[in-house]
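Worksheet for the structure shown next.
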Amino acid sequence: MNARRQPEQALPVTARDLGKKYRRGWALRETALVIPDNRVVALVGPNGAGKSTLMGLITGLLRPTTGEITVFGDHPTGKGLHPAVAYLAQQKPLYQQFTVTETMTFGARTNPTWDQRYAEHLIEQAAVPMDAKVGTLSGGQRTRVALALALGKRPRLLLLDEPLADLDPLARETVLRTLIAEARTQGITVVLSSHVLAELEGVCDHLVLLHSGRVLLAGDVDQIGADRVPLGQLVLDRMREAAAQDQATRGAAA
Amino acid sequence: MMWVSWRRQRAQLITLLGMLVVGAGVIALLRSTMIDAITSSQLARCVTQALQDCTAPDGAAKAFQEAWTTRLNIGQAVILGLPALIGVFIGAPLFARELEQGTHVLAFTQSVRRTRWMVSKLVVALVPSLIVLIGLQYLVSWWLSAAGTLGPRKNGSFTALNFGIEHVSPVGYALFAFALGAFLGVVSRRTLAAMTAGLGAFVVARFALSGLVDRLVPAQRLEVSPATNVNVYHDGSLVLETGYLDAAGQLVSKEKAGALLQACKSTSEGTPNSQEGFLACLPQSGLSKWYASFIPKSQAWQLHLVDLAIFGGLALLLLAGTAWVLRRQS
Amino acid sequence: MTAMTATAVGKRYRTRWAVRDCSFAVPEGKVVALVGPNGAGKSTLLRMAAGLVRPTTGELRTFGTPVDGRIHPDVSFLAQNRSLYRDLTVRELTRAVGAMNDRWSTDRVEEVLGLLAGVDHDAKVGTLSAGARTQVAIALALGRLPRLLLLDEPLSDLDPLARDETLRVIMTDVADHGTTVVMSSHLLSDLREVCDHILLIDDGRVQVDGDIEEVLAEHRVLVGPVADESAVAGTLISATRTERQSTLLLRKAEPTPAGWADTEPDLESLVMGYLRASRDRRSPARRR
Amino acid sequence: MLTGVIEFRIDRRSGVSTYMQIIQQAKQAMRLGLLHPGDRLPSAREVVEATAVNPNTVLKAYRELEREGLVEARRGLGTFVTKSLSSAATAGDDAPLRQELSGWMGRARRGGLVVEDVDALYSAVRDEHYPAEEQA
C-alpha cells in the first residue's frame, strides 16, 4: 500500500524471479522484467512461449507460482484489475447482443475512471455506428469497439493480446495507427503481443522476447537492435537460434 | 468410420455400460431383499394367487405393499423415463454438438459420404442405448415378476405404468425420442436448445399419441342382458366403452341411460326397488341390452406392436428428415 | 486444365450477399493468394469450393466436376476454425481422418508432422496451442494427397517460425506434386514469395485476378504534385493525398507526365490500394 | 547423390522479386566461377526446402536462364549450366582486376573511408563508365 502513495514513480511492471507452473509444466520461469513508463512494448515469441501467461500475471487473472510481480507498485491480486490497467484479450470478449452504445454504458458502469467523451470520440473516429449490435460488426470494427472500451477507462497501462490477428491489412494499419497515436498523446504504456513482426517494426520502442517460458531478450529497441539489422530480422534470428538450441538439447537427451 | 464414431462417443457409451452394470446390481440386490421379505412374512403363495385366495397372516400383505410398492414403482418409472433420457442426452447432442463446434466440417471435407457419416454415428449411439434399455427393462420386469400379484402387476398390463414398460413399447419410445433429439439437433444446430425442445416435444407427443393405440387394434364386443353379471373389469382387460342399447339395438345416450337407471331404482310408489324389481324394470324402460367393447389381456402384444409401429414410424420419418437437413446443411 | 472454375457464383445469407457474381478460373499448378478485406466473402468462396456451402446462384467446379454438396476427392480443405476433434490425440485423429478417406497416406501425415517442431503425437488435440493445431490440420489435409489445396487463413495463428515451417511444407508439396494451392491470408508480407497468382475479392466480387508479376506490371504508383493530377492518365484505383503531394495507384497507366515519379507497386501496396478504394466506396463520407 | 553447388538467398525486404533474385544470383555465381558448365542448379524442391519460396517461381527463373542460353533443362535430371560466364577477368581470387580492386579497397579503408563512402564512390565511377541503358 505504501507504493500507492506515489504511483507516479512506480514503474508499470516489474517482476522478480517470476514463475508460473501449470499441471503440464512451467509456462514461465525465473523471469526478471522491468517495463519502463511511456513505452510501446512488443511482446513476441513463438506459440506457447508464455506471452499470454505473462499478461495473465500482470492483470492478476493468474497468480504467480514463484517470485513476485508489481504493477505500478501494487501486487496484482485476483480481486480485480488494477484501476490503471486495461486488458484486451485475444478473443476480444464483447457482448454480441449489446449495441455499441450499450457496450459503452457497460464500460461506464464497471469502471470508476470512465471517460465517456473520450470513448465516444474513439468510436466516432472509427466510423462505427453507435446503434449497431456488436455481433453484426466486422472484425475490424469490433476491435475498434474493444479498443475504445479498453481506452475509455483511461488506463496508464494497456495490455493487448494479439490485437490484430484477424484483421485485414488495411484495418490492421488503421487500428495500429490509432493505438499508437493515442498511446503517444495520452502517455500510456502499451504492451502488445503479436506474431507478425513486420507490423511491429517502427511502432515499438521496447521489446520483450520470450522463449519457452524465459526472457530471451528485453530492452529498448535502440539499445538492443544492432544498428543495421531490422528488428523483425533480429527477433527471427534469435528465435531460430533458441529453437535450434532446444532441438540440440532434446537430441542430446534422447 | 465406425471406429471414428466409437472413439468420439466412447465416453458416452462407457457411461451407458456403467448404468447397465450398476442398474443390474441394484435390481438384483433389491429383488433378493424383497424375496426375503416375502418369505419371512409368509406371503409366498400370494405372489401367484389373488390376495383373497391365499392364506396369509393378517396385515402382512398390506405391510409388504406399503414397504415395496413405491420402490417397485420407481423401478417402473426409470424404464418409462429412460427413452426420454436417451433422446435428451444421446439423440440431441449427437449432431448438434458437432454442428455447434464446427467439427462436422472435418468429416464433410473427407471422402466419406455424409449419409454414411450420419448412419455410423446413429448406429454407434443407438445400438448400445437400446441394449442398455432392453437390459434394464428385462431386469425390472424380472424384479416385478418376483412380486407378482403383490406388486404393481396386479393392476393388469394396461395401466400406464405397466403398459409403457412392457414388450416392445419402450424400444418404440426410445427410437422416437432419439430420432426427435437428433432431428431437432440438426435443425437448431445448438445442443442445449435441442435437448430442451426434444424433451418437451417428446412428452407432448407421448401424451397426445397414447390414446391412438387403443383405436387401432380391433376390440372385442360383448352384448348381454342387463341382468347378467359380467366381470370384464376385473380380468385385466382394457375396457374402451360400455353402455346400454335399446330394443332396436341403438345406443342409449349416457344421460338418458342415467335417468332411466335412476328411475328404476324406485318403484312407481316411490319406495326403493328390490334387486329383482330393478333388473326387471330395465328392459321395460328401454335398456334392453348392456354392451362393452374391450381388448382382452391376451391381446396386449398387438397393442405393443401398434405402439412400436407408431413411434418407430415417426422415428424413421424424423431420421429421414435428419438426413435431408444434413445433406442440405450449408 | 483448370483446378477450379467459378461461373457467376453468388451466395446470399438471408438478405446479405456474401459473394456476388464471381467468375474466375484457377489454372492447375498455381499458388493463388486469395486476398480482400474482412467480410469480403473469401471464406464463403472457399467453403463453397469445399462443398460445405451451396451457391445461391451460378456454379463452382473443381477439376471440371460441379461441386454439389460434396468435396471433390482431389481437394483438401483447411477450415478457418480448424475443425478438429479436440478430445482425440494427434495419433488417434490421424487414424480417424484416415478412416474417413478412400485415398489416404498416413506416411505423408507423419512426414509432414515430422518436419514441424513441437507437435506431440500423444497429446490431445485440445491441449495443443492454436498454432500446433493449425499445423496438425494442414498435415491431415495433405494426407488426402490432394491436387488442390484450399487453405482458409492458414497462417493467422502461427508464430513467425511456424509460419516459415508451414509454408515450406506446403511449397514442398507444390514442388513434388505440382499441387494447386488457393490460400486466403491477411499477411501480405508472407504471401509475396509463395504465391504466383492473385485473386482479390471485395464486397463479394472479383477485383483483380491474374499472375502476380503481370498484375504488378500492369499497375503503376505515381507520386507527384497534387495540383498537377489532371496530367495523369489511366484508371485510377486509389489515391492518398497530402497538402502538396499525391500518391496514386493506377491501372494501365499512360506514359508518366513530367514531374511525377513512377514505380511499379509491390504486392503489399497494390492490395492496400485496392482495399483503401473499397473502404472509400463503402463509406464515401470518409473520403477526403 | 549430386547436390546443388550453390544456394539461393532470398531477401524478402529488398523489393526485388524472388524471380529476379534467383536469376541474378545464378548469373553472379556463374560470373564468379562458382558454377561451371555441367553443374546442376539446385532443384526446385531443394530451393523450397531452404527458403520456402514458390517452386513455380524457381522454375520460371530457370526457364528465363534457359531462354538466355545459359542453362539447359534435362528431363528427370534437373537443370544444368551450359555456358560459362566467368572469364579470367572475374573468376578466382587471383584475377588481376579483382586484385586491383582489392588493393584499392584496402587503400580506401586505410584512408578512413566508411562503407557508404566506398559505395558512393564505386557507383559514381561505375555510372560514368557504364551509362544507365547498359545497366538494364
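Lettering follows sequence order; numbering is per chain, from 1.
Partners of C:Asp159 by salt bridge (charged side-chain N to carboxylate O under 4.0 Å, His left out), not counting sequence neighbours: none found. When the salt bridge (charged side-chain N to carboxylate O under 4.0 Å, His left out) test is applied to C:Asp102, no partner is found at least two apart in sequence or on another chain.
Heavy atoms from other residues, nucleotides or ligands lying under 6.0 Å from CZ of C:Phe63 number more than 12. Residue-environment remark: CG (B:Leu212) exceeds the threshold of 12 foreign heavy atoms within 6.0 Å. The environment of CH2 in B:Trp142 is crowded: more than 12 heavy-atom neighbours from other residues, nucleotides or ligands sit within 6.0 Å.
Interatomic distance, OG of C:Ser76 versus CD of B:Gln110, reported as 7.0 Å (0.5 Å rounding). Atom-to-atom distance recorded for B:Trp117:CH2 and C:Met100:CE is 9.5 Å, nearest 0.5 angstrom. Separation of atoms OG (B:Ser111) and CZ (C:Arg103) is listed at 8.5 Å; rounding is to 0.5 Å. Going from atom CZ of C:Arg95 over to atom CZ of B:Arg7 covers 10.0 Å, rounded to the nearest 0.5 Å.
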- Task: Determine, step by step, whether B:Thr103 and C:Leu84 satisfy the side-chain contact (heavy atoms from CB on, under 4.5 Å) criterion, reporting the C-alpha distance in whole Å, the side-chain angles of both residues, the deciding distance to 0.1 Å, and the verdict.
- Result: CA-CA 6 Å; B:Thr103 48; C:Leu84 301 172; over 6 Å; no
- Query: Is there a side-chain contact (heavy atoms from CB on, under 4.5 Å) between C:Arg70 and B:Arg113 once you walk through the steps?
  - Reply: CA-CA 8 Å; C:Arg70 189 144 195 248; B:Arg113 278 178 184 280; 3.4 Å; yes
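The two residues C:Ser83 and B:Gly102 have their closest heavy-atom pair at CB-O, 3.1 Å. Across all their heavy atoms, B:Val4 and C:Ala96 have their closest contact at CG2-O, 3.3 Å. Across all non-hydrogen atoms, the minimal contact from B:Ala107 to C:Tyr85 is CB-OH, 4.0 Å.
No part of C:Arg82 comes within reach of chain B, as not one of its non-hydrogen atoms sits under 4.5 angstrom from that chain. If you measure heavy-atom distances from C:Leu78 to chain B, you find no contacts under 4.5 Å at all.
Salt bridge annotation for B:Arg8-C:Asp87: present, with a cationic side-chain nitrogen under 4.0 angstrom from a carboxylate oxygen.
Counting heavy atoms from C-beta on, the side chains of B:Leu106 and C:Val97 come closer than 4.5 Å.
Of the residues considered (C:Asn101, C:Val75, C:Ile71), C:Asn101 shows the highest number of contacts with chain B, using heavy-atom pairs under 4.5 Å.
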